[in-house]
Structure formats: C-alpha cells, structure tokens
Amino acid sequence: MDDVQKAAAGLFAAWCVNDLEEWFTLSSTSRLAVDRIPGWVPIPDELRRRGLSDAHGRLAIALVGVAFAAASTAGVVTRGRSPLFRGALLGFGLHGYGHLASSVATRGYTSGAVTAATTVIPYWHWARKVLATHDLCDHDRSALTSALALLPLVPAAHLAAYAILRDRSLGPEE
C-alpha cells in the first residue's frame, strides 16, 4: 500500500476515532447543544427539551459510516484520484473545525471536539500533504462538487434515524 492509499484508508480510520467519541457522548451532550441553538432555528420543542437518544445517535453514526467507508475505499482503489474520496476528505477536515466552533459557540464541551483537535484536523493536514506530493488535492472542482454533494449526509442520516426510531429518537425525560 503506497502513501496515498494509506492516506485514503486513514480517512475511515480517523472517522472511526472521531465517531467513537461521538458514539459515547452524543446523547449526553445533545440536549445542551440543541438548547443553545437560537430559538428562531426550527427545532422541535421536544428535541430541545430532551436531546437525542443513544439509539438515535448510534444509528445516525452507523449510516454516515457507510458513506465514509465507501469514500475511503474509493480513495484506496483509485490511489486518491476519486472525487468522492477527495470531497469526503475536504468535508471531514472542515467538519473537525466545525466541532471546535460548536464547543466555542456553546461555551463548553460538545461531542467530537476532543478527537477533532487530536485526530481529525491533524490527519486532514497530513493527508492533504500526501495528496499534494502526488499532484492531487481536495479542493479542485470535482472534489468540491463531491464535498457539496455530501453536505446533506449528516442531516439525512439523522432524518433516517428518526424515521426508523420515531419516539425512541428522543433522549430521556427529565
């Protein structure tokens, strides 16, 4: 396996590390995070009050994981040339900064922030350097198009988890 393939496989590995943190913390931190979103944002009152359940968070994580496994595999097979891989890489790296921003915005810990700082962002910068040494990047037109196409992935995973779990998507009553 060459270094580009290692970087591509690393996308799924780094995703797993970040989402392992989220697996164990998403439910417990979701109520606080959702409650601090401005009132004008259309979020159901029940979700603001109860947050997300472990079952909901874990199902959404698994659904997103399928997409990241596919993107990582595409990167390994194409030696980094896959727009899906490069777009997922760009989105993953930027999402790491989003985790940090959400912690700043909520003035406290939010799920995924620790591994965003220790795994996601360092991995992303390393992978981008590896790609650059092979005249590949994660911000050309095809990668940007893929990254934009992936934007609905997390909301879609949460909607799918809700469609499957319904009331079991909500966290416990206070």
Side-chain angles (χ1 to χ4, degrees), residues 1-30 32-33 36-37 52 57-161:
M1 186 177 281
D2 66 27
D3 57 342
V4 174
Q5 291 173 307
K6 288 176 186 173
L11 174 64
F12 187 64
W15 178 88
C16 286
V17 170
N18 182 240
D19 279 69
L20 186 61
E21 177 187 0
E22 292 180 357
W23 186 270
F24 291 107
T25 62
L26 182 65
S27 177
S28 63
T29 62
S30 67
L32 174 65
R36 290 189 175 172
I37 294 173
L52 297 171
R58 291 172 181 173
L59 179 54
I61 287 167
L63 293 171
V64 172
V66 171
F68 270 85
S72 185
T73 300
V76 170
V77 170
T78 65
R79 288 190 159 80
R81 290 183 297 279
S82 164
L84 175 62
F85 161 67
R86 291 180 294 113
L89 178 66
L90 174 60
F92 183 65
L94 294 176
H95 120 279
Y97 287 102
H99 275 299
L100 299 181
S102 70
S103 286
V104 169
T106 60
R107 297 175 308 283
Y109 171 78
T110 56
S111 183
V114 171
T115 53
T118 61
T119 303
V120 174
I121 295 167
Y123 156 75
W124 183 47
H125 287 287
W126 169 78
R128 293 180 92 202
K129 285 180 186 174
V130 169
L131 291 180
T133 64
H134 295 273
D135 293 324
L136 297 167
C137 69
D138 66 355
H139 58 276
D140 65 2
R141 181 176 293 203
S142 62
L144 287 170
T145 301
S146 291
L148 289 172
L150 290 170
L151 278 175
L153 179 62
V154 172
H158 281 288
L159 288 172

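No hydrogens, no waters, no symmetry mates; every other heavy atom, side chains included, goes into these values. These figures come from a predicted structure and were not determined experimentally. By convention here, the first residue in the shown sequence is residue 1.
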Value for CD1 (Ile61) from OG (Ser111), rounded to nearest 0.5 Å, stands at 6.5 Å
Does the side chain of Ser103 come within less than 4.5 Å of Thr110's, by heavy atoms? yes
Do Ser72 side-chain atoms and Phe68 backbone N/O form a donor-acceptor pair below 3.5 Å? no
With sequence neighbours left out, which residue pairs that include part of residues 6-17 fulfil the side-chain hydrogen bond (donor to acceptor under 3.5 Å, both in side chains) condition? Trp15-Asp19
Distance-only criterion, 3.5 Å: show the donor-acceptor pairs between side-chain atoms of residues 145-154 and protein atoms not counting sequence neighbours.
from	atom 1	to	atom 2	distance (Å)
Thr145	OG1	Arg141	O	2.8
Ser146	OG	Pro83	O	3.2
Ser146	OG	Ser142	O	3.2

Over all atoms of both residues, closest heavy-atom pair of Arg79 and Val4: O-CG1, 3.1 Å
Gap between atom CG of Leu90 and atom CZ of Arg128 - 0.5 Å precision: 6.5 Å
Closest non-hydrogen atoms of Ala157 and Leu63, given as atom of the first, atom of the second and distance, are O-CD1, 3.8 Å
Can you name the closest pair of heavy atoms from Ala88 and Ala71 and give their distance? CB-CB, 3.6 Å
Before giving the answer on side chain to side chain contact (heavy atoms under 4.5 Å, CB included), spell out for Glu22 and Thr115 the whole-Å C-alpha distance, their side-chain angles and the decisive distance to 0.1 Å. CA-CA 9 Å; Glu22 292 180 357; Thr115 53; over 6 Å; no
4.5 Å side-chain heavy-atom contact, Tyr123 and Leu11: yes
Walk me through whether Asn18 and His95 qualify under side chain to side chain donor-acceptor pair (under 3.5 Å). CA-CA 11 Å; Asn18 182 240; His95 120 279; 3.2 Å; yes
If you round to the nearest 0.5 Å, how far is CG of Asp135 from CG of Asp140? 11.5 Å
Nearest atoms (heavy-atom pairs only) where Leu100 meets Ala117: CD2-CB, 4.1 Å
Does Gly80 offer a backbone N or O that forms a donor-acceptor pair with the side chain of Arg86 under 3.5 Å? yes
So, do Lys129 and Trp124 sit near enough that their side-chain heavy atoms are less than 4.5 Å apart? no
Can you find a heavy atom in the side chain of Val114 that is under 4.5 Å from one in the side chain of Tyr109? yes
Test item: side-chain donor near acceptor, His99 and Glu21, under 3.5 Å: no
Nearest heavy-atom contact between Leu89 and Ala127 is CD1-CB, 3.9 Å
Correct closest heavy-atom pair for Ala74 and Leu84 would be CB-CD2, 4.4 Å
Does Thr78 offer a backbone N or O that forms a donor-acceptor pair with the side chain of Ser82 under 3.5 Å? no
Rounded distance [0.5 Å steps], CZ in Phe85 versus CG in Leu131: 5.0 Å
